[in-house]
Amino acid sequence: MVEYEACILGLRLAIDMNVQELPVIGDSNLLVHQVLGEWATKNTKILSYLHCVQELIKRFTKIEFKHVPRIKNEFVDALATLSSMIQHPDKNFIDPIPIGIHKQPPYCAHVGEESDGNPWFHDIKEYLAKGEYPEHATHTQKRTL
């Protein structure tokens, strides 16, 4: 469902920008094949998403869906996860998310229990919602965030 939500959000943004021709590249094999009509689904939760995508597709003069394996497209998974965490009163509004490309992959240590009782992603979510760093964040923590 997260993959469908990200796809719907992207299609709506393209429609709002008056895009007529659109290549859609996704790492969800299931979503791409269901949208293309190659695979069926009986899951009623996914059916409503599928119907929404099919209605949005009609707004384009040319649209092409292509599957790219997840291993080759890390950004799709990251953006889909972020889009499911962000809620905005206007469903068509998307805050820009700056994305940097690094020459080396990041390495993360095991995240233990947070001392403040919030989940590990709390500061990230707050930063995305408010655009402000936590009060006591160091320069390094701000760069990491």
Side-chain angles (χ1 to χ4, degrees), residues 1-134 137 141-145:
M1 289 188 289
V2 170
E3 300 285 351
Y4 269 102
E5 288 177 9
C7 181
I8 290 167
L9 202 57
L11 292 174
R12 286 182 177 162
L13 177 61
I15 290 167
D16 289 347
M17 295 173 65
N18 295 319
V19 173
Q20 297 299 311
E21 296 182 8
L22 182 68
V24 179
I25 301 169
D27 66 359
S28 173
N29 206 15
L30 181 67
L31 182 145
V32 170
H33 288 287
Q34 286 176 342
V35 169
L36 293 175
E38 297 168 354
W39 295 355
T41 182
K42 294 179 184 176
N43 184 328
T44 54
K45 291 179 183 178
I46 292 180
L47 272 176
S48 59
Y49 286 104
L50 178 60
H51 293 308
C52 181
V53 169
Q54 290 170 335
E55 287 301 311
L56 292 171
I57 286 173
K58 294 176 183 176
R59 308 272 302 269
F60 296 92
T61 57
K62 180 180 178 186
I63 189 165
E64 179 184 351
F65 283 80
K66 181 180 178 186
H67 175 255
V68 174
R70 186 163 298 190
I71 194 77
K72 294 183 180 178
N73 196 357
E74 307 91 10
F75 287 123
V76 172
D77 191 41
L79 291 173
T81 302
L82 282 174
S83 73
S84 71
M85 293 170 52
I86 300 169
Q87 292 184 5
H88 196 278
D90 179 2
K91 298 292 182 188
N92 291 326
F93 181 85
I94 301 173
D95 286 313
I97 301 173
I99 298 173
I101 298 176
H102 301 280
K103 295 181 189 230
Q104 296 177 347
Y107 294 96
C108 300
H110 174 72
V111 178
E113 185 176 320
E114 295 290 325
S115 59
D116 61 1
N118 291 319
W120 65 267
F121 59 84
H122 176 75
D123 291 339
I124 297 170
K125 188 175 178 182
E126 288 295 305
Y127 177 76
L128 291 172
K130 298 177 182 175
E132 299 174 1
Y133 295 107
Q141 290 170 330
K142 288 178 182 179
R143 285 188 60 205
T144 303
L145 187 57

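Just so we're clear, the structure is a prediction, and the values are computed from it rather than from any experiment.
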**OP:** Indicate yes or no: at least one non-hydrogen side-chain atom of Tyr49 is less than 4.5 angstrom from one of Val2.
**Re:** no
Subject >> Rounded distance (nearest 0.5 Å) linking atom CG of Leu56 with atom CD1 of Ile8 >> reply: 6.5 Å
Subject >> Qualifying residues under side-chain contact (heavy atoms from CB on, under 4.5 Å), relative to Ser48, sequence neighbours excluded >> reply: none
Original post:
Which atoms form the tightest heavy-atom contact between Gln34 and Ala40, and what is the distance?
Top reply: NE2-O, 4.1 Å
Subject >> Which residues share a side-chain contact (heavy atoms from CB on, under 4.5 Å) with Glu55, sequence neighbours left out >> reply: Lys58
Original post:
Which residues satisfy the side-chain hydrogen bond (donor to acceptor under 3.5 Å, both in side chains) test with Lys42, sequence neighbours excluded?
Top reply: none
**OP:** Using the test side-chain contact (heavy atoms from CB on, under 4.5 Å), find all partners of Leu36 that sit at least two apart in sequence or belong to another chain.
**Re:** Val32, Glu38, Phe65
Subject >> Spacing of CG belonging to Leu22 relative to CE belonging to Met17, to within rounding of 0.5 Å >> reply: 10.0 Å
Original post:
How would you list all residue pairs meeting ring pair (Phe, Tyr, Trp, His ring centres under 6.0 Å) that involve residues 20-47, not counting sequence neighbours?
Top reply: His33-Trp39
Original post:
How long is the span from the OH atom in Tyr4 to the CG atom in Leu11, to the nearest 0.5 Å?
Top reply: 11.5 Å
Subject >> Heavy-atom closest contact (Ile15 atom, Phe60 atom, distance) >> reply: CG1-CZ, 3.6 Å
Subject >> Minimum heavy-atom distance Ser28-Glu3, with the two atoms named >> reply: CB-CG, 3.9 Å
**OP:** Could I get the full list of side-chain contact (heavy atoms from CB on, under 4.5 Å) partners for Gln20, not counting sequence neighbours?
**Re:** Thr61
